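What follows is a single structure, written as structure tokens, with notes after it.
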Amino acid sequence: MIGWLSTRSPTGVDNLAPYSQFNNLTFDPPYVMFAANENSSGTRKDSVVNAETTGVFGWNVATWDLREAVNASAELLGPEVDEFEKADLEKEEAKLIGVSLVKRSPVRFECSYYTTLRLPGSSPSGSTNIVIGRVIAVHISDTVLTDGKVDIGKVQPIARCGYYEYTVIRSDSVFEMIIPGDKTNLAGLEGNAEQIKALEGKKANDAAEQTSVKEGEAQQS
């Protein structure tokens, strides 16, 4: 999935750029990351500089319907250029942080900056900055919900495969597989922090009861 990242410079210029190296890292609390290769001159991308300087960034899901705007916002431009305006995208101010979000994007995150890991490359553009942030707010449009869950088939997110090739996820390409084993691990795959805590608490209580029973049997013998 593409990380369509929105930031704002210290001087108030909005920035928007897509990054194909984007992923979630954990869920309790939720963290995400994006990797931004440096320019051929060795300068860092505006998204990285702005996130580090202001301490925040936004994520907007890149969808099939928005694919042309995603591509337009990928052009390498100066920090004085507002990619929202260049791509003709309507903005919506985030609720908790000082960035603009893509109004038409059906799923958006507000993130607080955590850290940057720089991986040096063999050339200037081979070096990359991995930016990690904590998700502090999530916005989901009712139009992509089915029975209270995000319906990926309705979202139709796009992803970059490599070269200039992309793909889109639609309803007929989504399938479900449930991994066998411990229910606690399954709850982790669902990102259900409350269910995990309940299951872990039950495990701890069961273990304590078994220990108590064994101690009692030992004393009786």
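For the single chain, residues carry numbers from 1 onward in sequence order. All values reported here derive from a predicted model rather than from experimental measurement.
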Applying ring pair (Phe, Tyr, Trp, His ring centres under 6.0 Å) as the test, list every pair that has at least one member in residues 141-170; sequence neighbours left out. none

Would you say that more than 12 heavy atoms from the other residues, nucleotides or ligands in this model lie under 6.0 Å from the OH of Y114, or not? no

Are F34 and F57 an aromatic pair, judged by ring center distance below 6.0 Å? yes

Is a donor on one side and an acceptor on the other found under 3.5 Å between the side chain of N60 and the backbone of V102? yes

Donor-acceptor under 3.5 Å (N37 side chain, S125 main chain): yes

Of all the heavy-atom pairs spanning P10 and T53, show the shortest one and how long it is. CG-CG2, 3.3 Å

Non-neighbouring partners of F84 that pass ring pair (Phe, Tyr, Trp, His ring centres under 6.0 Å), sequence neighbours left out: none

Let me see the working for V61 and M1 under side chain to side chain contact (heavy atoms under 4.5 Å, CB included), right down to the final yes or no. CA-CA 8 Å; V61 66; M1 191 175 292; 4.2 Å; yes

Do L101 and L16 sit in one hydrophobic cluster, given that two such residues count as connected whenever their side-chain heavy atoms are within less than 4.5 Å of each other, even indirectly? no

Shortest non-hydrogen pair, L5 vs G58, comes out as CD1-O, 3.1 Å

Specify the closest pair of heavy atoms between S40 and P124, including all atoms of both residues, with the distance to one decimal. O-CB, 3.3 Å

How would you list, by chain and number, every residue that makes a side-chain hydrogen bond (donor to acceptor under 3.5 Å, both in side chains) with D151, sequence neighbours excluded? T146

For F22, check ring pair (Phe, Tyr, Trp, His ring centres under 6.0 Å) against everything at least two apart and list the hits. W59

Over-ring placement of R170 relative to W64, 6.0 Å and 45° cut-offs: yes

I need the T7 OG1 to E83 CD distance, nearest 0.5 Å. 8.0 Å

So, does T43 use its side chain to make a donor-acceptor pair with the main chain of N39 at under 3.5 Å? no

Quick one: does V155's side chain get under 4.5 Å of T63's, heavy atoms only? yes

Give a yes or no answer on whether the side chain of S9 reaches the backbone of V13 with a donor-acceptor pair at less than 3.5 Å. yes

Taking ILVMFWY side chains as joined if any heavy atoms are under 4.5 angstrom apart, and letting links pass through other members, which residues group with V81? L77

With clusters built from Ile, Leu, Val, Met, Phe, Trp and Tyr whose side-chain heavy atoms come within less than 4.5 Å, directly or transitively, what are the remaining members of the cluster of M177, listed by chain and number? F175

Are the side chain of S127 and the backbone N or O of G121 linked by a donor-acceptor pair below 3.5 Å? yes

Drop me the distance from T167's OG1 to R160's CZ, to the nearest 0.5 angstrom. 13.5 Å

For W4 and S105, which I'm curious about, is there any donor-acceptor pair between the side chains at under 3.5 Å? no

Looking at L96, is its backbone amide N or carbonyl O close enough to the side chain of E110 to form a donor-acceptor pair, meaning the two atoms are under 3.5 Å apart? yes

Do F27 and I132 land in one hydrophobic cluster if side-chain heavy atoms of ILVMFWY residues count as linked below 4.5 Å? no

Does some side-chain heavy atom of L66 sit less than 4.5 Å from a side-chain heavy atom of L89? yes

Is it the case that the side chains of N50 and T54 hold a donor-acceptor pair, with the cut-off being a distance below 3.5 Å and no angle test? no

Taking a hydrophobic cluster as the set of Ile, Leu, Val, Met, Phe, Trp and Tyr residues connected by side-chain heavy atoms closer than 4.5 Å, whether directly or through intermediates, do I130 and Y31 fall within one such cluster? yes

Decide whether V144 and V174 are clustered together by the hydrophobic rule: side chain heavy atoms of Ile, Leu, Val, Met, Phe, Trp, Tyr closer than 4.5 Å, transitively. yes

Side chains of V32 and L25, heavy atoms from C-beta outward: is any pair under 4.5 Å? no

May I ask whether V131 and V135 are part of the same hydrophobic cluster, defined by side-chain heavy atoms of I, L, V, M, F, W, Y residues being less than 4.5 angstrom apart, directly or through others? yes

Flag side-chain contact, heavy atom, 4.5 Å: N15 against D82: no

Minimum side-chain heavy-atom gap S73-P18 below 4.5 Å: yes

How would you list, by chain and number, every residue that makes a salt bridge (Lys or Arg N to Asp or Glu O under 4.0 Å) with R8, sequence neighbours excluded? D14, E93

Partners passing side-chain hydrogen bond (donor to acceptor under 3.5 Å, both in side chains) against Y19 (at least two apart in sequence or in another chain): S47

Going by the rule side-chain hydrogen bond (donor to acceptor under 3.5 Å, both in side chains), which residues pair with S173 if we only count those two or more places apart in sequence or in a different chain? none

Residue pairs, two or more places apart or on separate chains, that pass salt bridge (charged side-chain N to carboxylate O under 4.0 Å, His left out) and touch residues 56-80: E75-K86

Taken in chain and number order and not counting sequence neighbours, the residues that satisfy ring pair (Phe, Tyr, Trp, His ring centres under 6.0 Å) with Y113 are none

What pairs of residues pass the salt bridge (charged side-chain N to carboxylate O under 4.0 Å, His left out) test when at least one of them lies in residues 30-52, not counting sequence neighbours? E38-R118, R44-E52

Is a side-chain donor-acceptor pair under 3.5 Å present for E92 with H139? no

Given side chain to side chain contact (heavy atoms under 4.5 Å, CB included), test V150 with L145 step by step and report yes or no. CA-CA 5 Å; V150 175; L145 293 178; 4.2 Å; yes

Could you walk me through whether V138 and I140 pass side chain to side chain contact (heavy atoms under 4.5 Å, CB included), step by step? CA-CA 7 Å; V138 177; I140 303 173; 3.8 Å; yes

